[in-house]
Chemist: 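Before anything else, here's the structure in question.
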Protein chains: 2
Amino acid sequence: MLEARVKQASVLKKLLDAIKELVTDGNLDCTDEGIALQAMDNSHVALVSLKLVAEQFESYRCDRNMPLGVNLGSLTKILKCAKDNDVVTFKAPDDADSLGMVFESPKEDRVGEYEMKLMDIDQEHLGIPDTQYDATITMSSAEFQRICRDLAALGESVKIEASKEGVRFSSEGEVGNGSVLLKQTAGTDRSSGGGSKKAQVKRDPDEEDEEEEEEEKPEVDEDEEGEEEQDDEDRPKKRKAANGKAKGAKKAKNTDSTDEVGVSIILEKQVSLTFSLKYLSNFAKSAPLAREVSLHMSNDVPLLVQFDFEQGTLQFFLAPKISDE
Amino acid sequence: MLEARVKQASVLKKLLDAIKELVTDGNLDCTDEGIALQAMDNSHVALVSLKLVAEQFESYRCDRNMPLGVNLGSLTKILKCAKDNDVVTFKAPDDADSLGMVFESPKEDRVGEYEMKLMDIDQEHLGIPDTQYDATITMSSAEFQRICRDLAALGESVKIEASKEGVRFSSEGEVGNGSVLLKQTAGTDRSSGGGSKKAQVKRDPDEEDEEEEEEEKPEVDEDEEGEEEQDDEDRPKKRKAANGKAKGAKKAKNTDSTDEVGVSIILEKQVSLTFSLKYLSNFAKSAPLAREVSLHMSNDVPLLVQFDFEQGTLQFFLAPKISDE
DNA sequence: TTGGTCGAAG
DNA sequence: CTTCGACCAA
């Protein structure tokens, strides 16, 4: 059976908002490692891969692997019945043909119980090669969304060019052409060395409270041993954000602090690729999930757009348009 | 002739928003006791009953009973011409074939005068028996609205079950089933009791200007003689809300304070009834009128959904679906 | 609080 | 396809 407890319904809502337009149905693959969903978008152009790691649930139990075929529209509908701060518990017996969800208000004076019919979905499990990318850009997810929206007003596709100096997004269309150049944030450096995107421990005076309110209490360490030989010590710890990321830190993680998000570029090789803005804009909808997004690119290889948030990772893959340049 | 003065156009706007979708035309029955409107909804399924008591007008005069047949759509249109804080005066001579309305800005620097054509409406006066209900639930009107909206996403109808422990709303549909259980708020008890909410006179420093615009200054006393023998001590200052409904006070009042609204259940007998969510959702639109709503139920008897606000009471009646359970 | 935008319904 | 209502931002 499965029983997974999530502290904040809001995360799930944001996730669904982020992907439901791309994917209508998919299997929630529940294992003892967590819950994953992988699916091609409806027009089989983009690939969505979501991972929620078991350790980041408030509690998690999954006795045996079970793929739960869900309609994401239905799931969205039901999640709308939860308030943002509700605690959400997913429940499914081993032979389930429906997925149970319980929404509990923080004060425990309201309990919503919902049951959603499941469907059988033939899932071609797509192996995703662990590519080494020539360029990795980390930037504010809000800025990414803004750029996609702006350029989408001009043309159908965007050319993304990453060089040492910065990254340029450009688009052409009927009404005109446009491009946005983001310079790498000063102090940010490629390679391990400086990488740690400005981890200035910039503390707001009022940040104290927030620390309290957030869920990640000091005991962030317990599941911390989950880190094997990771070179980067800055797990997206959430509010713990500011600290950490001392050294290594090639790509910045999703820190949830209030600091500005810089632009960092890790570049093995210059890259220039063109993508459909329609899809990128869709990916950008995940911005509320994480303050940072990373774009991973190699020439002639699908782009990887990745959002790291506390509970896991959301990845989008999209093949470049051939008509590059 | 009729001359009735209302302090805040906003109340009237909210009222119209609340019922205009249910009822298109109706008689405003003006008597020396106040103004009442009673009408079946357009599909003759639900009954709407509005009462505005004479004492709660800023001033009220009605020499003889007169039913003013109005089209609520027209009335809504005209009321939109008033700003929320405007003082509204209804005027009609005895033989009126039109209803005059005057909107005066609080600062009295703007006066709008409107006249709306009246219509003749044959009114079957429906006697509403003063039923004793087996269950009376008082809860936050916003929460009621939320629940109706949530469950409406799942199915057409909702089953409401009231028991000592709480009240459960449940619905079934294509995508799945759902239920919301509200527990009775601790400390809430049947019988009178009644939570007195504080009426903090909370003043903002920058409220100076607004004070001009607002009508109710601290000196709440002027028209206070409107209050007869009232047992309830907690008059939610603010708009001077508290008067009205004097005795019995089984159900909490509409206070305008900022406190949380609890759930209280007065139960003679367990009740389980099923209703059309379409109608309940419509009723719930009255939420802006009052922070609390009370649901009155007896088996096989129409549900009464009641909103008490400063100027009066708005009631909705709806027969249960036969297919209960 | 008001105006504008977006989505849903007829 | 048009209109209305609900939601969101200024």
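Throughout, a chain's letter reflects where its sequence line sits, starting with A, and its residues are numbered from 1.
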Chemist: Kindly list each side-chain donor-acceptor pair under 3.5 angstrom involving residues 39-47 of chain A, sequence neighbours excluded, with atom names and distances?
Modeler:
residue	atom	partner	partner atom	Å
A/D41	OD1	A/H44	N	3.3
A/D41	OD1	A/V45	N	2.6
A/D41	OD1	A/A46	N	2.6
A/D41	OD2	A/S43	N	3.0
A/D41	OD2	A/S43	OG	2.7
A/D41	OD2	A/Y279	OH	3.3
A/N42	OD1	A/T24	N	3.3
A/N42	OD1	A/T24	OG1	3.4
A/N42	ND2	A/L22	O	3.2
A/S43	OG	A/Y279	OH	2.5

Chemist: To the nearest angstrom, how far is B/Q145 atom CD from D/dC7 atom P?
Modeler: 8 Å
Chemist: How many Å lie between NZ on A/K20 and P on C/dG7, as a whole number?
Modeler: 10 Å
Chemist: Can you confirm whether more than 12 heavy atoms, excluding those of B/K83, are under 6.0 Å from its NZ atom?
Modeler: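 Count not over threshold, so no.
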Chemist: Could you state the NZ-P distance from A/K77 to C/dG7, rounded to the nearest angstrom?
Modeler: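 Rounding to the nearest Å, NZ of A/K77 and P of C/dG7 are 16 Å apart.
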Chemist: Rounded to the Å, how far apart are B/D17 CG and D/dC4 P?
Modeler: 15 Å
Chemist: Within the supplied structure, the quantity of interest is the number of heavy atoms (other residues, nucleotides, ligands) at a distance under 6.0 Å from A/K117 NZ; does it exceed 12?
Modeler: yes
Chemist: Output the rounded distance in Å from CG (B/D84) to C1' (C/dT1).
Modeler: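 Taking CG of B/D84 and C1' of C/dT1, I get 7 Å after rounding.
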Chemist: May I ask you to verify if any side-chain N or O of B/K285 is less than 4.0 angstrom from the OP1 or OP2 atom of D/dA6?
Modeler: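 For B/K285, the contact criterion (side-chain N or O under 4.0 Å from OP1 or OP2 of D/dA6) is met.
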Chemist: Sequence neighbours excluded, which residues qualify as side-chain hydrogen bond (donor to acceptor under 3.5 Å, both in side chains) partners of B/S286?
Modeler: none
Chemist: If you only use heavy atoms from C-beta on, which nucleotide in D/dC7, C/dT1, D/dG5 is closest to the side chain of B/E21?
Modeler: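 The answer is D/dG5, which lies nearest to the side chain.
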Chemist: Tell me: CG of B/D86 to C1' of C/dT1, nearest whole Å?
Modeler: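 Between C1' of C/dT1 and CG of B/D86: 13 Å.
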Chemist: Over how many whole Å does the gap from B/N85 atom CG to C/dT2 atom P extend?
Modeler: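 From B/N85 CG to C/dT2 P: 8 Å.
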Chemist: So which nucleotide from C/dT1, D/dC7, D/dG5 ends up closest to the side chain of B/R149?
Modeler: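 Of all the options, the side chain of B/R149 is nearest to D/dC7.
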